[in-house]
Structures are given as structure tokens and as C-alpha cells.
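Notes follow the structure.
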2 protein chains.
Amino acid sequence: MNSSRPVTIKDIARRFRCSPSTVSRALNDHPAINEDTRKNIQEYAKEVGYQRNEVSLSLLNKKTATLGVVVPTIGNYYETAVIEGLHTILQPLGYTLNICVTNENYLLEKEYLSKLLSNRTEGIFLSVSQETYDAGYYEHLESVIQRKTPLIFIDREYEDFETSRATVDDYHGAFAAVEHLLTIGYKNIAHLKGPNGLTVSEQRFKGYRDCLKKYEIPIREELIINTNFKVESAIVPTKRLLDLDFPPDAIFGVNDQVAIGAMRVILDRGLKIPGDVGIVGFDNSPISAYTYPSLTTVHRPGRKIGMEASRLFLNQLNGSGDFVHENIVLPTELIIRESSLRIS
Amino acid sequence: MNSSRPVTIKDIARRFRCSPSTVSRALNDHPAINEDTRKNIQEYAKEVGYQRNEVSLSLLNKKTATLGVVVPTIGNYYETAVIEGLHTILQPLGYTLNICVTNENYLLEKEYLSKLLSNRTEGIFLSVSQETYDAGYYEHLESVIQRKTPLIFIDREYEDFETSRATVDDYHGAFAAVEHLLTIGYKNIAHLKGPNGLTVSEQRFKGYRDCLKKYEIPIREELIINTNFKVESAIVPTKRLLDLDFPPDAIFGVNDQVAIGAMRVILDRGLKIPGDVGIVGFDNSPISAYTYPSLTTVHRPGRKIGMEASRLFLNQLNGSGDFVHENIVLPTELIIRESSLRIS
DNA sequence: ATAATGTATGCAAACGTTTGAAAAAATTTA
DNA sequence: TAAATTTTTTCAAACGTTTGCATACATTAT
């Protein structure tokens, strides 16, 4: 053992031959404490580096001022932005964010939730893992509900689960992206889709599909290929698209990463962007403005999602009696850049 | 108030008209408990969703199984990789990582450290914020030292501070990058530098400078311009470089972001990469392999850093008596891609 | 001098759990 | 049937802090 026991209130009390109550009051500037006593105790406390044991306080007050943020990944710009948004609102209110990364793994998600509850976290922001979603697991959420711990879904959600949600309007974002490509003259639009089952993937896919429908363009199944959101995962699918007898003249990527991967393959084939193939991504990640060519994309307000989710949490906290379930859907914004600007 | 009080051991004890001790032992499969009693209690506990209050246990055992990870940002690939590495080692050992993002802000860093100590965190991984570093603050670390909480520096460090560190050999990475450019035939190499004062910036700069010295190339001050690591911050500096009477024929960026920003400006001017200007970045972020042209870069083993830092922490924990201070420096690797391959 | 006030401090309980030691209950042995 | 043994349960303290209430002491008013 190498860690010296932290100084406690009792230690200080012994030193001054007074009771712990007095020390506690002195440290908290209680008015009923003699000015000299207060000063002496405070000085001594500082000198020996006393630090209040918040664990004991948490136990006493049943308040931990800690919130869990459970997300599948933190590698991408979007998640980071969400966390920043949460932080912006909640940090000033004294909350500590406990960020848990599930790596798209159900078991880890379950374990984190259980741990957060055991640690008496006062609220949980959850973006469910892909595995959880795929398998339709929800039992691990029951205990959160049972304990009436505020639970806010961010981004990914269960369609039929009774909680508050803050999500982005992926559907209309995708719709607008595809519509943009169509109105500018692209006719054969492929979609590099996200993993099946995830709300984000499916909503964007639906936006793509419905937009084509609206413009009475038949959907060619061979133009829709899955990816896993990562840049590498776009390479083979894009090659397959270009090798088709009737290759697409535009590609809508489920996110910027995938779009950037696609661009790379297209340029390698000697094709021009946007001349031969138009590209649109999704996210408006910082890099998208500086790729070559710069990437047309759909802005996804991560920071705002974080801030709205915070608001939902605070509403639940202050809500009288039963929870008020709100469902916030933030709009997206099409950012038009070079990759979709056909020189006509 | 809307949160129903969680079920406690006392509640269960009341229900079974037995003492809390019995319940506690029953739940923990203590051998001295009657088989039936154990079964009944465990069943009931499950039924009512009992969850052990870890806060009280933390207080009792003076163990929280929580570690703080204090980093300036989490937006970039590197930090994410480090966290993943920490996670890989420490999660299986039962530790929870409390990730704190300082946004390069000293006050926030200070507050986080104080909070972590108050919450009796058992160890802290710290990458100091830029502000902290610039101003040379260190008082906020004193209390960590005083409390003998294991403190591991990751990445950024104080030169003269007595703790364990896991860092990347930025110096030789930069040196190798510049040497590569020189041996391939580039003569006028500019450097888009990181913010002053940060170890990362300065080490890479030193690598750049010393390599030029070795090859007896005079250092031109006008070829060294500061950025803030972000892609946007490379735009104006690169323009300035290209506008020089004797513009550089290669640019070494302090990281991939900056290099990508530079590439964009260069391509916009109608110059060829790597024909007219060679580019090397730093980090080997996933995107760097798929930019156009793909980016030569220096691999920075973030995951490994996280794993090594974990090891350092565990060593300190188990270390007898005084701390053992270790200083791990991991090597980098030059990844040669298109942006520096001059067609000769 | 005594009562009434004001000031400063201490006591004890509480938060939820574990655990060594003691006690009680049940069983076996003599 | 009593003693010895085994099994099962309870007691009490501990972790560090806060806080309502009681208490002690000093001061002022009557």
C-alpha cells in the first residue's frame, strides 16, 4: 500500500479538540461558528489539503450529480459534438458526465447501464449499440425504467419505447440530399447505405427511396449497397457500383466518411467529380469542407442535439409526478459544395 | 419528486423479518446462510429489482474502481484511440473510466481534477490543456501528488514533473518525415507548426529543424507558420507560403488535419501534389489513406499509448512504497503514400 | 441575584453496506 | 438429558459527512 489516507473531518476535529460537527460547519461557513474557530479550521484544512469526501455526501444526500452518457463510439465528429452540447448545458449545473463507450456491443452496454444505476447516476443519455438494436434487446432498459432514472435517447431509438428522445430528422435530410442531386440533373443515384436495422441508416435510406418515388424514378436494388459507416467500407461497394453495366451518375453516402471513400475510388478510375459522378455525404464533418473536391453534405446538428437532450433531462427531473415524454426532432440543413455541382 | 426510492437491503430485511446482515450475506452467497433463506432472499431481490448501492460500498471500502481520463479534446482520431487503449486494459479489470474534456481550458482542468479527487478516483490519466501548459500552471497537480493518487501523463507532459508518462516519439517521427521528403528530392520544406509551447508541437518542430540541420539546409523562418491543429487553421498559412517569392516545394504538417487543409489550398492553385508540392502529415488518421491524393503521414500509436499508460498505472498501484516513475516513449512509423511520391 | 437572551459547541442519527464477533438455535454426541 | 458441536442469525461498528436538537457558556436585562 502506498496511498496515504486522505485527511478527514475527524482528523481535523481531533487536531482542534472539537467535534466533527464544528469542523463541518466551519468549513461550510455556518454562521453559528466562532470567527476565530472558523478561520483556524479553514486555514488548517487548506494546509493539510483537506478535500471533502463526495462519496459520503452522495450517500447521505442520495445525490451524485453524475450523469451517464452511453454511446456506441466516440471516434466521429458527430458524437463528439453531441457530448460537447451536453457538456455545455450540464457542466455549469454541476453535473459530471460519465462517458461510456459500448463499441456497438450489447453486453458492454448492459454492463454499463447496470453499473451506472448501481452508482446511482441521476440520469442516462443513451444511443443504443448496433447489437442491441439488431437483436431488439430491451430488458436491460427495464431496470432503468423501474428505477425511474431519467433516460433520454439520443440519435438511435427504439420506435416503441416510452422515453424522451432527441433525434435528427434524418429522413428529410436524406430526402433533400437526393432531391438536390435530381434537380441538378443526376438521374441514376446510388446509395451507400448504413448497417441494416439502425434508425439512422433506415431513415436515410427511406428518405432516398421516397425521394426517388416522388420523382417517379424506379429503384434499382443494385444501386443500394451496405457499409458500416467507416471510410474503408465504401471502397468495395463503390467499385461494384462503377463496374455495373449502367453505373450510377451520383452517389448518396450515408455519411461523410463513406462519401469520401467513394470519391477516392471514383477519382482513381479517372472519372470526374462532379462531372461524371455527383457525391453527397451526411454529417457536415469539419473535413468535408476541405476534401478535394469539397463535399456536399447534410448538416447534422450534434451540438444542438446534446443541448436539447440536456433540456429533456432537466424537464424530466423537474416534471411533477410521472415523466413527461418528449420527442424532439431537429431539422438538418443541406450544405452544397463542389462534389455535386455539375458544370452544365 | 418523481424518483421512487431504490430498494435497499434494509427493505428486504424488513420483508423477511431478519437482519440486514443476513440479507447482505444471502445476496453474496455467504456459506453460513441457510440454503432456503438464501434462495428466498435472492428471488425476492431479483423480483423487486434490488441493486447494490455502490456508493455506500465505495465509502466503506475506500475503493471506487473509477479512473479519471482528462483530455483537452476528444474530436480527433488520436484521443479516441488512446481512450480505446485504456479501455481495453482497464475495463476487464473492473474499472470505470470517467472521461473529462477540458477544451484546452485550465480552469476546467483544475475543476475536473479537484472533482475527481473529491470523488476518490483511484488514478488519473492526464493530457494537460494548452492553457495549462502555456501558463505553466502546476499547482492544481500538487493536490493529486499530495494525495498520492497515481497520475499518468499521456502525450503532453511537463518536462520537469515527477510522474509516469506514456508519450509518442514525436521528435523522431517528425525527423523521419522530413528526411523522407529530403531524400526524395524536395529541397524547400515548410512546416505548418502546432501551437507554441505544447510538447507535441515543439518536439515535431525540433525534429523538422534538426533534420534540416543534419542535411545542412538553412532554416527559413518564413517557412514555419503556426496553426491550431484544425483543418481550417491551415488555409491562410498555406496561402501565405505559396505567395512567397520562393515558395516551398514541400510541406510538413503538424498533423493530418493541417496537411489536408494545405493540400486543398495547393490543389486550388492548380498545383500538383506531389509533383509541385510534396505533403506529409502526422497521425495516420483513418481518413488519410483516402484523401486525394492519399496522404503520407507518421503513424502515432494511440491505442498502444493507452495500453502502456494503463500498464504504468497498474505498476504504480502495485508498486511497493514510493511510486516508480516510468517514462515510456513509443516509436512512430512513417507511412508513405501518394502525397510525397514525386514522379521523377 | 435571577431570569432571559444570545452565542458557540456537542450529540446522535442518518445514508447503505459489510464483517468480525457474539449469540441463538438446531443438531449431534456422549 | 446434558454437553458438545454445528449451523444460522444478530449485533455493532465502520466508512465521512451533515444537521436538528440539546446543551453549555457568556452576556444582558430585570
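Bear in mind that the values here come from a model prediction, so they are computed numbers and not experimental data.
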| query | With respect to the phosphate group of dT18(D), does any side-chain polar atom (N or O) of N28(A) fall under 4.0 Å of OP1 or OP2? | reply | yes
| query | Can you tell me if S143(B) and Q51(A) form a side-chain donor-acceptor pair at under 3.5 Å? | reply | no
| Base, sugar-phosphate, or nothing: which does L60(A) touch, judged by heavy atoms less than 4.0 Å apart? | base
| query | Could you give the CD1-to-P distance, from I41(A) to dG10(C), as a whole number of Å? | reply | 9 Å
| request: Find the distance N40(B):CG to dT9(D):C1' and express it as a whole number of Å. | output: 15 Å
| request: Calculate the interatomic distance between I33(B) atom CD1 and dT19(C) atom C1'; express it in whole Å. | output: 12 Å
| request: Test for a donor-acceptor pair under 3.5 Å between the base of dG20(C) and the side chain of R25(B), counting only N and O atoms. | output: yes
| query | When the distance from CG of L27(B) to P of dT17(C) is rounded to whole Å, what number comes out? | reply | 9 Å
| task | Examine distances only and state if a side-chain atom of S118(A) and a backbone atom of E54(B) form a donor-acceptor pair shorter than 3.5 Å. | result | no
| With no hydrogens and no angle check, do the side chains of N103(B) and E84(A) hold a donor and an acceptor under 3.5 Å apart? | no
| said: Is N53(A) close enough to dT17(D) that one of its side-chain N or O atoms is under 4.0 Å from OP1 or OP2 there? | reply: no
| query | Could a donor-acceptor pair under 3.5 angstrom be found where the side chain of S21(B) meets the base of dC11(D)? | reply | yes
| said: Quick check: on DNA chain C, is the nucleotide nearest P6(B) upstream (toward 5') of the one nearest E35(A), or the reverse? Name the residue that is more 5'. | reply: E35(A)
| Any side-chain N or O of S24(A) under 4.0 Å from OP1/OP2 of dT18(D)? | yes
| field | Contact under 4.0 Å: K63(A) side-chain N or O vs dC15(C) OP1/OP2 | value | no
| task | Check whether the side chains of S21(B) and S24(B) place a donor and an acceptor atom closer than 3.5 Å, and report yes or no. | result | no
| query | Base, sugar-phosphate alone, or nothing: which one does T8(A) contact when heavy atoms must sit under 4.0 Å apart? | reply | sugar-phosphate
| Just checking R38(A): base, sugar-phosphate only, or nothing, at a heavy-atom cut-off of under 4.0 Å? | nothing
| message | Expressed as a whole number of angstroms, how long is the span from L59(A):CG to dA14(D):P? | response | 17 Å
| field | N/O (side chain, K62(B)) to phosphate O (OP1/OP2, dA14(D)) under 4.0 Å | value | no
| query | In whole angstroms, how far is the P atom of dT17(C) from the NE2 atom of H30(B)? | reply | 17 Å
| N61(B) CG to dT17(C) P, straight-line distance once rounded to whole Å | 13 Å
| said: Categorize R17(A) for me: base, sugar-phosphate, or nothing, with a 4.0 angstrom heavy-atom threshold over every strand shown. | reply: sugar-phosphate
| Base, sugar-phosphate, or nothing for F16(A), non-hydrogen atoms under 4.0 angstrom? | nothing
| field | Phosphate-side-chain proximity, S56(A) and dC15(D), N/O vs OP1/OP2 below 4.0 Å | value | no
| note | From the list N40(B), V48(B), I41(B), side-chain contact (heavy atoms from CB on, under 4.5 Å) with Y44(B) holds only for V48(B)
| task | Would you mind classifying the nucleic acid contact of T37(A) as base, sugar-phosphate or nothing, using non-hydrogen atoms under 4.0 angstrom? | result | sugar-phosphate
| Taking only N and O in the side chain of S19(B), is any of them less than 4.0 Å away from OP1 or OP2 of dT10(D)? | yes
| task | May I ask you to say what R52(B) touches in the nucleic acid, namely base, sugar-phosphate or nothing, with a heavy-atom cut-off under 4.0 Å? | result | sugar-phosphate
| request: Please indicate whether K115(A) has more than 12 foreign heavy atoms, meaning atoms of other residues, nucleotides or ligands, lying under 6.0 Å from its NZ. | output: yes
